[in-house]
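Notes to accompany the following structure.
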Amino acid sequence: MRTVTVGVLGSGTVGQDVLKLIERRESVFTDLGVKIEISGVLVRDVDKVRDVPPGTRVTTDPGFLQECGVVIEAMGGVDRPLAMLLPYLRSGRPVITANKALLAERWDVLRDYALAGSLYYEASVMAGTPVIGPMSTVLRASTFTRLQAVLNGTCLYILDQMEQGQTYAEALAGAQALGYAETPPTLDVGGFDTAHKLAVLARFCADGNFPYSAVTVQGIEHITQQGIQEAQAADECIKLVAELERQGTGWKATVAPQRLPRSHPLCTAGAGRNALVYEGEECGTLVFAGGGAGGMITASAMVGDLLDWVIGFPGHVPLH
């Protein structure tokens with residue numbers, strides 16, 4: 001039996017569920033001849049009550065990273081996790097992350113590690129709904145032409161509530177009360193979270209160096225009840241759509257509200273579900289839909305990445 005030492009950065013909802021899922025899937029790792037050992041969990045406050053397996057080492061000291069064979073980053077942010085992960089990546093060890101902001105905004109630093117197969121990040125887009133895996137493997141045999149996607153649960157919730165008669169302000173307040181939206185909510189409703197995810201996707205199907213700065217972003221803050229009702233009268237729905245398509249010799253990436261026919265896959269995916277429509281010359285039109293947020297949904301993809309690494313599959317390699 002081989003022992004694999006794992007370090008976890010962050011113990012919010014996702015970090016806690018990663019720990020629980022690793023414990024729950026112990027028999028799967030055992031069947032692969034592997035015993036998972038959690039070396040430590042980095043937190044800001046060791047006295048905070050957490051729902052983690054008994055005996056889990058919780059600490060504010062990142063020194064335990066030196067003991068780890070693999071690190072799972074679930075803390076969020078950009079520069080703080082990057083500062084901790086870079087020395088680790090330089091040593092040739094792998095990182096599993098769901099951090100789309102880090103991947104989008106610091107790609108110039110991270111790309112070489114992704115090319116080396118050291119970065120695993122299925123959970124960074126659509127959480128537990130696998131889209132990065134297919135796009136980074138089998139779909140490369142097809143000539144990519146276009147994608148459209150709905151990638152932010154907060155915007156989905158707000159627009160759905162507005163369709164039921166609430167004003168934007170009422171729907172936003174409800175999303176914040178339920179914990180769907182942060183205060184301030186700009187990252188979500190301003191479209192920037194979606195733009196981060198679109199930049200990550202573009203590197204698998206358009207350009208391996210696609211910059212986050214190339215995404216044109218417009219949020220949903222100016223959507224009104226009148227606009228919602230006009231769309232409904234035309235049998236359409238309004239969604240915050242991430243879109244990538246060819247423009248001349250390059251690619252055009254946009255995030256903006258769009259009116260879509262109610263029969264469009266992005267409208268029929270189901271309440272609260274992320275969805276992506278991928279178009280390729282040879283593969284035709286493919287639709288991916290499922291949960292795009294939530295602790296255990298995200299953890300399922302991160303622990304799936306851990307299983308891939310244990311088996312020997314490389315991380316998610318961009319176009320090059």
Side-chain angles (χ1 to χ4, degrees), residues 1-102 113 117-124 127-128 130 179 291 293-316:
M1 187 74 68
R2 175 167 65 106
T3 297
V4 170
T5 52
V6 176
V8 179
L9 303 184
S11 184
T13 301
V14 172
Q16 291 177 64
D17 283 343
V18 164
L19 293 167
K20 286 184 278 189
L21 188 55
I22 288 174
E23 184 178 58
R24 185 185 300 176
R25 307 306 288 164
E26 180 181 3
S27 62
V28 176
F29 287 103
T30 299
D31 288 345
L32 294 171
V34 168
K35 172 178 170 41
I36 300 296
E37 182 178 285
I38 305 299
S39 295
V41 180
L42 186 72
V43 299
R44 295 179 186 272
D45 179 5
V46 294
D47 296 321
K48 182 178 179 179
V49 176
R50 293 177 173 82
D51 183 13
V52 298
T56 301
R57 176 187 175 189
V58 177
T59 177
T60 58
D61 181 2
F64 68 87
L65 291 176
Q66 303 308 313
E67 310 166 17
C68 301
V70 59
V71 167
I72 298 176
E73 187 267 311
M75 63 191 298
V78 176
D79 291 326
R80 185 166 180 257
L82 182 66
M84 282 186 279
L85 293 174
L86 270 182
Y88 190 85
L89 286 165
R90 287 176 184 137
S91 72
R93 290 172 291 175
V95 165
I96 297 167
T97 182
N99 195 333
K100 62 274 182 181
L102 174 64
Y113 302 108
S118 297
L119 275 176
Y120 295 74
Y121 45 105
E122 180 65 65
S124 64
M296 196 55 77
I297 291 173
T298 306
S300 70
M302 299 183 87
V303 176
D305 279 347
L306 178 60
L307 282 163
D308 273 356
W309 178 73
V310 164
I311 292 168
F313 294 140
H316 301 105

Donor-acceptor check, side chain of [X] to backbone of [Y], threshold 3.5 angstrom: yes or no?
X	Y	result
Tyr121	His316	yes
Asp305	Glu122	yes
Gln16	Leu19	no
Arg80	Val78	no
Thr30	Glu26	yes

Looking only at heavy atoms, what is the nearest atom pair of [X] and [Y], with distance?
X	Y	value
Gly128	Ala301	CA-CB, 3.9 Å
Gly77	Pro81	O-CG, 3.6 Å
Ser124	Lys100	O-CB, 3.5 Å
Arg44	Thr60	O-CG2, 3.7 Å
Asn99	Thr97	N-OG1, 2.9 Å
Gly295	Thr13	CA-CG2, 3.7 Å

From [X] [atom1] over to [Y] [atom2], what is the distance, rounded to the nearest 0.5 angstrom?
X	Y	atom1	atom2	result
Asp17	Leu21	CG	CG	8.0 Å
Tyr120	Leu306	OH	CG	9.5 Å
Leu119	Tyr113	CG	OH	9.5 Å
Ile36	Thr3	CD1	OG1	9.0 Å
Arg2	Phe29	CZ	CZ	10.5 Å

Evaluate side chain to side chain contact (heavy atoms under 4.5 Å, CB included) for Val41 paired with Thr59, printing each intermediate quantity in order. CA-CA 6 Å; Val41 180; Thr59 177; over 6 Å; no
Would you say the side chain of [Y] lies within less than 4.5 Å of the side chain of [X], judging by non-hydrogen atoms?
X	Y	result
Val52	Ser11	yes
Arg50	Val43	yes
Met84	Glu73	no
Ile22	Ile38	yes
Val70	Ile96	yes
Val14	Met302	yes
Phe64	Thr5	no
Leu102	Asp79	no

For atom CZ of Arg25, decide whether the heavy atoms of other residues, nucleotides or ligands shown that lie under 6.0 angstrom number more than 12. no
I'd like to know if Glu67 and Arg57 make a salt bridge, using a cut-off of under 4.0 Å between side-chain N and carboxylate O. yes
Side chain to side chain contact (heavy atoms under 4.5 Å, CB included) involving Pro314 - partner list, sequence neighbours excluded: none
Between Leu85 and Val71, does a side chain to side chain contact (heavy atoms under 4.5 Å, CB included) hold up when you go through it step by step? CA-CA 8 Å; Leu85 293 174; Val71 167; 3.9 Å; yes
Strictly by side chain to side chain donor-acceptor pair (under 3.5 Å), give each pair with a member in residues 82-91 just once, sequence neighbours left out. Ser91-Arg93
